Amino acid sequence: MNALAETAELLSSLRGVWDEEAVDELDHALQSAARAIDDGADDELVLAAALHDIAHSPAFDATAAQRHDETARDWLTPRFGERVGWLAGQHVAAKRYLVATDPGYGAGLSPTSVQSLLAQGGAGVDDELLDHPWWPDAVRLRRYDDAAKDPDARATGRAATIEDVLTIAERVLRRS
Ligand SMILES: [Fe+2]
């Protein structure tokens with residue numbers, strides 16, 4: 001199976017998967033992509049936003065879901081390149097960073113995100129990451145992630161579609 005078919009299958013498998021948020025994982029993925037597009041993100045960043053939580057798919061086992069940032073990175077990198085994998089792989093680190101550095105950020109986190117923060121090591125800044133050229137985009141992705149939990153987004157046209165994500169994935173593949 002090629003990377004596009006695998007991506008389509010993985011996205012579809014997220015329908016009906018709930019991580020105790022207000023939307024299921026497919027809606028979360030499609031809203032993350034839409035928020036990235038709204039922000040003028042490049043294709044790789046949109047794709048990383050759409051696929052950052054794929055480890056919640058039943059295609060992965062429970063261990064993979066637990067370290068879900070690394071699972072996303074390891075799945076995406078060989079298919080869509082270093083940057084897409086890296087950006088998706090930093091969404092937990094970006095949350096820890098925002099909690100540590102943005103006083104208003106923690107208040108806007110969903111209850112599930114607050115709860116998982118503890119298991120993820122709590123607030124914290126990794127100095128090495130701050131110097132990384134892609135770090136600002138990892139933080140942008142985290143903002144899309146947090147804004148992608150709106151139960152009304154599909155009805156009000158504020159979500160992307162699987163086809164939109166696949167079109168972007170195809171462009172990323174063509175360029176690599
Ligand atoms: Fe997420």
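Source: prediction; values computed, not measured. Side chains included, hydrogens not; waters and symmetry mates left out as well; all remaining heavy atoms used. For ligands, and for the atoms within them, numbers begin at 1 and follow the listed sequence.
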* **From Val92, Asp102, Val139, residue fulfilling side-chain contact (heavy atoms from CB on, under 4.5 Å) relative to Tyr97** => Val139

* **Atom CD of Glu6: over 12 foreign heavy atoms under 6.0 Å** => yes

* To do: Sort by chain and number the protein N/O/S atoms found under 2.8 Å from the Fe ion (ligand 1).
  => His28 NE2, His52 NE2, Asp53 OD2, Asp145 OD1

* To do: Could I get the full list of ring-ring contact (aromatic ring centres under 6.0 Å, His included) partners for His91, not counting sequence neighbours?
  => His52, His68

* Thinking salt bridges, do Lys95 and Asp145 make one under a 4.0 Å N-O criterion? -> no

* To do: Return the orientation label for the Trp86 and His132 ring planes: parallel under 30°, perpendicular over 60°, tilted otherwise.
  => parallel

* Structure fact -> Only one of Thr7, Leu14, Leu30 passes side-chain contact (heavy atoms from CB on, under 4.5 Å) with Ile162, and that residue is Leu30

